[in-house]
Amino acid sequence: MAGVTVAPLSALEPAQVILETKRTKTDWTVTASRNGRWVKIKAFSWEMETDKGKIKLERPVFPYKGELIVPLRQVAEALGISVQQKGQTIALLPK
């Protein structure tokens, strides 16, 4: 996706990220939190709300197979998680 690694939000759960989903017929929002930090992400949005303000995303959030797919590095770093990638291998390292 134009050099931006995307992944389902659930990929962050092993790094102690708690996901809270709110879904209606017209709206799908997930709040992810970890160690006092949080991000709020809405389907089809180009930005996310964080505990430090709004951040423009490199790729829009989109639904796929029942999950929201997000730009992994931006969301992880907003939650205090470092992302290291070598080829197809991605490591999430809590800061």
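All values below were derived from every heavy atom in this structure, side-chain atoms included, with hydrogens, water molecules and symmetry-related copies excluded.
Interatomic distance, CG of Leu68 versus OG of Ser10, reported as 10.0 Å (0.5 Å rounding). Here Lys56 contributes atom NZ and Trp46 contributes atom CH2; the two are 5.5 Å apart, rounded to the nearest 0.5 Å. Atoms CD and CD1, on Glu77 and Ile55 in that order, are 9.5 Å from each other to the nearest 0.5 Å. We find the CD-CH2 distance between Glu67 and Trp28 to be 8.0 Å, quoted to the nearest 0.5 Å. Between the OG1 atom in Thr21 and the CG atom in Leu9 there is a gap of 8.0 Å [rounded to 0.5 Å]. Going from atom OG1 of Thr50 over to atom CZ of Arg37 covers 9.5 Å, rounded to the nearest 0.5 Å.
Every side-chain contact (heavy atoms from CB on, under 4.5 Å) that Ala11 has, sequence neighbours left out, goes to Ala7. Scored by the side-chain contact (heavy atoms from CB on, under 4.5 Å) test, Lys54 finds Glu47, Glu49 as partners (sequence neighbours excluded). Partners of Glu58 under the side-chain contact (heavy atoms from CB on, under 4.5 Å) rule, at least two apart in sequence or in another chain, are Val4, Gln74.
Within the 4.5 Å cutoff, the side chain of Leu12 has heavy atoms near those of the Val75 side chain. Put simply, the side chain of Val17 reaches to within 4.5 Å of the side chain of Ile81, judged on heavy atoms.
With hydrophobic clusters built from ILVMFWY side chains whose heavy atoms lie under 4.5 angstrom apart, Phe44 does not share a cluster with Ile69.
Of the N and O atoms on the side chains of Thr31 and Glu20, not one donor lies less than 3.5 Å from an acceptor on the other residue.
Heavy atoms only, all atoms of each residue included: Ala32 and Leu19 are closest at CB-CD2, 3.5 Å. Here the closest heavy-atom approach between residue Ala78 and residue Val39 is recorded as CB-CG1, 3.6 Å. The nearest pair of heavy atoms linking Leu79 to Arg34 is O-NH1, 3.1 Å.
Salt bridge status for Lys22 with Asp27: absent, with no side-chain N to carboxylate O gap under 4.0 Å.
For Arg73 (side chain) and Val83 (main-chain N/O), a donor-acceptor pair under 3.5 Å exists by modelled atom type.
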